Number of protein chains: 2
Amino acid sequence: MPHDSHSKPQTGPALNAAQARALGALQAAGRPLTAYEVLDALREDQPRAAPPTAYRALRRLIDLGLVHRLESLNAYTPCVHEHDAADAGASQATLFAICDDCGNVREITDAPLARRMRQLAEEGAFTPASTIIEMHGRCGGCASEGGA
Amino acid sequence: MPHDSHSKPQTGPALNAAQARALGALQAAGRPLTAYEVLDALREDQPRAAPPTAYRALRRLIDLGLVHRLESLNAYTPCVHEHDAADAGASQATLFAICDDCGNVREITDAPLARRMRQLAEEGAFTPASTIIEMHGRCGGCASEGGA
DNA sequence: GAGACGAATGTTATATTGTAACCGCTGAGC
DNA sequence: GCTCAGCGGTTACAATATAACATTCGTCTC
Ligand SMILES: [Zn+2]
Ligand SMILES: [Zn+2]
Ligand SMILES: [Zn+2]
Ligand SMILES: [Zn+2]
């Protein structure tokens, strides 16, 4: 199979088969997937795929700003924003609200939050390259269901 | 050796030998340690210690608010504040500024940041239980040294 | 077109991080 | 003394991630 690099340069920046499959699996899942769950998805196309294939695809998707890694879960989730790929995390501060009950993840960007983070970094003579903010807790839906 | 639970209830909340050793190692290191590095330290006392010993000690220290886990490094660092143990991360927002050059970690708590995080959670009907904020980048020292 | 080269991907093996499950001691209560 | 619960030790293994090498494929040169 040839690269599909030439097929649609306008839709996205040249995803190969594994990368497209991984992104699709993440978008379809509705919850964060681990690297090995993504690997299972890749194996529907390429039954002999091994861990590095999944990790490479995920790394690429992250570099493109299409996917985020949730450090506190060792899992990956598709981005719902339009990040500036080169700038993921520095000027934007992306907050993930992770429900520990249902697994739902919401991605939030907030300018005041980002401003305050930049200011704190500056006060400490720190030059941020990337930032992760992960809030664990309970989402509204789960709070009203399991009320107690 | 008996538990030292009874020896000094006023200094700290009953650390056993492994816990005290782990905390000492983390404080002496000057940089975050992985669980297996802590395990190596424990083995100076108990040469046959196994991973669960280190993980249990670290879990206990984290529950007591004496140690933090850095999710983005899979590593552990001693707390430099006086956290309310039960409340680690909910009302306080602790930010870690991690230098990717020298490995130095600075722990920062900031009330405006915490306020903004609480507000964002509330707007999204989210009830936070714990929050991690980890900023990667370059500290002032490294920036002036390796200037280029 | 043949051959040399380099980038990307496939493949194997292994490193790192973390936990389940069971065992045995010890101390409290009876 | 006996029982039992809880803690910590121990074994074994699971889950996450990467190093290192082999192969493929496009491209450039001649
Ligand atoms: Zn995003
Ligand atoms: Zn929920
Ligand atoms: Zn702290
Ligand atoms: Zn530094």
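Bear in mind that the values here come from a model prediction, so they are computed numbers and not experimental data. In what follows, every chain begins at residue 1, and chains take the letters A, B, ... in the order their sequences are listed.
Between His136(A) and Ser72(A) the shortest side-chain heavy-atom distance falls below 4.5 Å. Residues Ile108(B) and Leu113(B) are not in side-chain contact: their nearest non-hydrogen atoms beyond the backbone lie 4.5 Å or more apart.
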Start with the C-alpha distance between Asn74(A) and Arg69(A), add both sets of side-chain angles, then the distance that settles side-chain contact (heavy atoms from CB on, under 4.5 Å), and finish with yes or no.
CA-CA 7 Å; Asn74(A) 292 340; Arg69(A) 172 177 163 83; 3.0 Å; yes
With side-chain contact (heavy atoms from CB on, under 4.5 Å) as the criterion, how do Leu95(B) and Ile133(A) come out once you've worked through the C-alpha distance, each side chain's angles and the decisive distance to 0.1 Å?
CA-CA 9 Å; Leu95(B) 184 156; Ile133(A) 311 176; over 6 Å; no
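Whole-Å rounding puts the Asn16(A) CG to dG10(C) C1' distance at 12 Å. To the nearest angstrom, P of dT9(C) lies 17 Å from CZ of Arg21(A). In this structure, CZ of Arg48(B) is placed 15 Å from C1' of dG8(D), rounded to the nearest angstrom. Rounded to an integer number of Å, the gap from CG of Leu39(A) to C1' of dG10(C) is 13 Å. Protein atom CG of Leu70(B) is 12 Å distant from nucleotide atom P of dG18(C), rounded to whole Å. We find that CD of Gln19(A) is positioned 11 Å from C1' of dT9(C), with the value rounded to whole Å. The CG-P distance, from Leu58(B) to dT17(C), rounds to 13 Å in whole Å. Regarding Glu71(A), its CD atom lies at a distance of 13 Å from the P atom of dT17(C), rounded to whole Å.
Arg21(B) places no side-chain N or O within donor-acceptor distance of the main-chain N or O of Leu42(B), the cut-off being under 3.5 Å. Using modelled atom types, no side-chain atom of Arg60(B) and backbone atom of Asn16(B) make a donor-acceptor pair closer than 3.5 Å.
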Grab the N/O contacts between the protein and nucleotides 20-25 of chain C below 3.5 Å, and write none if there aren't any.
from: dA21(C); atom 1: N6; to: Arg56(B); atom 2: NH2; distance (Å): 3.4

Taking only N/O atoms, report every protein-nucleotides 13-17 of chain D pair under 3.5 Å with atom names and distance.
from: dA17(D); atom 1: OP1; to: Arg69(A); atom 2: NH1; distance (Å): 2.8
from: dA17(D); atom 1: OP1; to: Arg69(A); atom 2: NH2; distance (Å): 2.6
from: dA17(D); atom 1: OP2; to: Tyr55(A); atom 2: OH; distance (Å): 3.1
from: dA17(D); atom 1: O5'; to: Tyr55(A); atom 2: OH; distance (Å): 3.4
from: dA17(D); atom 1: N7; to: Tyr36(A); atom 2: OH; distance (Å): 2.7
from: dA17(D); atom 1: N6; to: Tyr36(A); atom 2: OH; distance (Å): 3.4

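At a threshold of 4.5 Å between side-chain heavy atoms, the hydrophobic network of Ile, Leu, Val, Met, Phe, Trp and Tyr places Tyr76(A) and Ile98(A) in two separate groups.
Regarding contacts with the backbone of dG9(D), a side-chain N or O of Thr53(B) is found under 4.0 angstrom from either OP1 or OP2. Distances shown here put every side-chain N or O of Arg60(B) at or beyond 4.0 Å from the OP1 or OP2 atom of dG8(D).
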Indicate every side-chain donor-acceptor pair of residues 28-36 of chain A with a distance under 3.5 Å to a residue at least two apart or in another chain.
from: Arg31(A); atom 1: NH2; to: Glu37(A); atom 2: OE2; distance (Å): 3.4
from: Thr34(A); atom 1: OG1; to: Tyr36(A); atom 2: N; distance (Å): 3.4
from: Thr34(A); atom 1: OG1; to: Glu37(A); atom 2: N; distance (Å): 3.1

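Nearest heavy atoms, Met135(A) versus Pro128(B): CG-CB, 3.7 Å.
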